[in-house]
A.B. asks: 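My structure is below; once you've seen it, I'll send some questions.
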Amino acid sequence: MSAADTEKKISRTYVIPGKGKRIGEGAPGILVSATGRTPEAILEAVKRLAADPAVDGIELRLDHLDSGRNSDQILEITGLVNQAYAAAPDKILIATVRTGKEGGEASYTAAEYLRLLGSLIRYSRMDLIDLEVSRGEELLAPLVEAAHAAGIGVIMSSHNFSETPDSEKLRETLELERKLGGDILKLAVMPRKASDVARLLLVTAEAREAGLGPLVTMAMGPLGSISRVSGGIFGSALTFAMSGTASAPGQMAVEDVKRSLGLFSV
Ligand SMILES: O=C1C[C@@](O)(C(=O)O)C[C@@H](O)[C@@H]1O
């Protein structure tokens, strides 16, 4: 790996090719998920969010369709993503297939995951694709390579809906996400007590100070809400808010997040 590649790997900022949006600089970007159960409903949500100036990016939660396991379904989903990209030209568009084990709405075998995500990268336009680090290097390596070749950034993510791992484990997960090619590194955890939230924020701040990132970290549920508005201070470059339906516990309304980010920034 050349020095330039190494530099890129630890870059604190990710610039969306073609859109010039810089993730990791300035105030955290606000993302909202489109969670419809049909392609039409998802597209409807995208159009609505595209018109909201407070929204920086739209996440297509494609697992909510519980589809994409055969060629016809894959064709339908890749078409939907292209329509969404065209409908929201000024927003960061993210394609996510969140699997059941990580709090998503559908489960996919390794082969199904590889085929669906691979087809999305190959046939659809998007700015970022979300990949789950738990899928492992063998499966992820070709997807990361294909995404980068197509100019698509990778959000490498990890979700724990039952607890907040210890600091060492959180740090290891971020490091693994970076090692496996994540351009943006995500941790979502479930806190059981305030110190769990504080631990996530501390790990985030230290990782940021060490130059890792951009990061997207959040503690879910009501206890973790503070982590969704404190990114300007602790170093999470993006935050998920809701407009209508939440895509995870603890998300707050876009307007509230927008207002709070203004209060908690330096
Ligand atoms: O990974 C995340 C974060 C999230 O789980 C949250 O807690 O806001 C919401 C998901 O839609 C997204 O893919």
Side-chain angles (χ1 to χ4, degrees), residues 23 28-37 41-42 45-46 49 55-66 81 84 91-108 113 116-117 120 126-135 152-165 170 173-174 177 182-192 196-197 200-201 204 213-231 234 236-254 256-258 260-261:
I23 298 174
I30 299 180
L31 307 178
V32 178
S33 307
T35 55
R37 297 278 169 197
I42 290 187
V46 168
L49 295 169
V55 173
D56 296 295
I58 302 169
E59 176 191 54
L60 306 175
R61 278 292 301 268
L62 300 169
D63 52 294
H64 281 234
L65 298 171
D66 195 2
V81 176
K91 307 295 184 192
I92 300 165
L93 192 78
I94 305 167
T96 296
V97 179
R98 178 74 58 241
T99 62
K101 269 212 307 231
E102 301 231 350
E105 296 288 311
S107 292
Y108 298 88
Y113 187 84
L116 176 56
L117 278 285
L120 284 167
M126 70 199 76
D127 299 307
L128 297 168
I129 191 156
D130 184 298
L131 299 177
E132 294 177 351
V133 72
S134 60
R135 284 286 174 174
I152 297 168
V154 172
I155 301 180
M156 195 64 84
S157 54
S158 160
H159 295 74
N160 190 323
F161 273 73
S162 58
E163 60 175 7
T164 304
L170 293 174
T173 304
L174 284 176
E177 290 176 357
D183 300 294
I184 298 172
L185 316 176
K186 189 197 282 179
L187 290 177
V189 299
M190 189 58 83
R192 294 192 182 147
D196 290 338
V197 182
L200 177 84
L201 294 177
T204 305
L215 308 168
V216 193
T217 69
M218 69 225 75
M220 296 181 284
L223 202 53
S225 302
I226 187 79
S227 69
R228 297 185 183 274
V229 293
S230 60
F234 288 93
S236 181
L238 296 167
T239 184
F240 283 82
M242 69 167 182
S243 169
T245 317
S247 69
Q251 286 179 348
M252 295 182 280
V254 172
D256 291 336
V257 171
K258 180 88 186 162
S260 306
L261 286 178

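Atoms within a ligand are numbered from 1 in the order they appear, just like the ligands themselves.
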A.B. asks: Please give me the minimum heavy-atom distance between Val197 and Ile226, naming the atom from each residue.
C.D. replies: CG1-CG2, 3.7 Å
A.B. asks: Kindly compute the distance separating CD1 (Ile129) from CG (Leu93), expressed to the nearest 0.5 Å.
C.D. replies: 10.5 Å
A.B. asks: Who pairs with Glu132 by salt bridge (charged side-chain N to carboxylate O under 4.0 Å, His left out), at least two apart in sequence or on another chain?
C.D. replies: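 Listed in chain order: Arg98.
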A.B. asks: Does ligand 1 have any N/O pairs with the protein under 3.5 Å, and how far apart?
C.D. replies:
{"from": "ligand 1", "atom 1": "1 (O)", "to": "Arg98", "atom 2": "NH2", "distance (Å)": "3.2"}
{"from": "ligand 1", "atom 1": "1 (O)", "to": "His159", "atom 2": "NE2", "distance (Å)": "2.5"}
{"from": "ligand 1", "atom 1": "1 (O)", "to": "Lys186", "atom 2": "NZ", "distance (Å)": "2.5"}
{"from": "ligand 1", "atom 1": "7 (O)", "to": "Arg228", "atom 2": "NH2", "distance (Å)": "2.9"}
{"from": "ligand 1", "atom 1": "8 (O)", "to": "Arg228", "atom 2": "NH1", "distance (Å)": "2.8"}
{"from": "ligand 1", "atom 1": "8 (O)", "to": "Arg228", "atom 2": "NH2", "distance (Å)": "3.4"}
{"from": "ligand 1", "atom 1": "8 (O)", "to": "Gln251", "atom 2": "NE2", "distance (Å)": "2.8"}
{"from": "ligand 1", "atom 1": "11 (O)", "to": "Ser33", "atom 2": "OG", "distance (Å)": "3.3"}
{"from": "ligand 1", "atom 1": "11 (O)", "to": "Glu59", "atom 2": "OE1", "distance (Å)": "2.6"}
{"from": "ligand 1", "atom 1": "11 (O)", "to": "Arg61", "atom 2": "NH1", "distance (Å)": "2.8"}
{"from": "ligand 1", "atom 1": "11 (O)", "to": "Ser247", "atom 2": "OG", "distance (Å)": "2.8"}
{"from": "ligand 1", "atom 1": "13 (O)", "to": "Glu59", "atom 2": "OE1", "distance (Å)": "3.4"}
{"from": "ligand 1", "atom 1": "13 (O)", "to": "Glu59", "atom 2": "OE2", "distance (Å)": "2.5"}
{"from": "ligand 1", "atom 1": "13 (O)", "to": "Arg98", "atom 2": "NH2", "distance (Å)": "2.8"}
{"from": "ligand 1", "atom 1": "13 (O)", "to": "Lys186", "atom 2": "NZ", "distance (Å)": "3.3"}

A.B. asks: May I have all residue pairs that pass side-chain hydrogen bond (donor to acceptor under 3.5 Å, both in side chains) and include part of residues 218-229, sequence neighbours excluded?
C.D. replies: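 Every candidate side-chain hydrogen bond (donor to acceptor under 3.5 Å, both in side chains) pair involving residues 218-229 fails, so no pair, neighbours aside, qualifies.
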A.B. asks: Go through the structure and list residues passing salt bridge (charged side-chain N to carboxylate O under 4.0 Å, His left out) with Arg37, not counting sequence neighbours.
C.D. replies: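 Here the qualifying residues are Glu105.
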A.B. asks: Test side-chain contact (heavy atoms from CB on, under 4.5 Å) on Asp127 and Ile94; report intermediate values, then the result.
C.D. replies: CA-CA 6 Å; Asp127 299 307; Ile94 305 167; over 6 Å; no
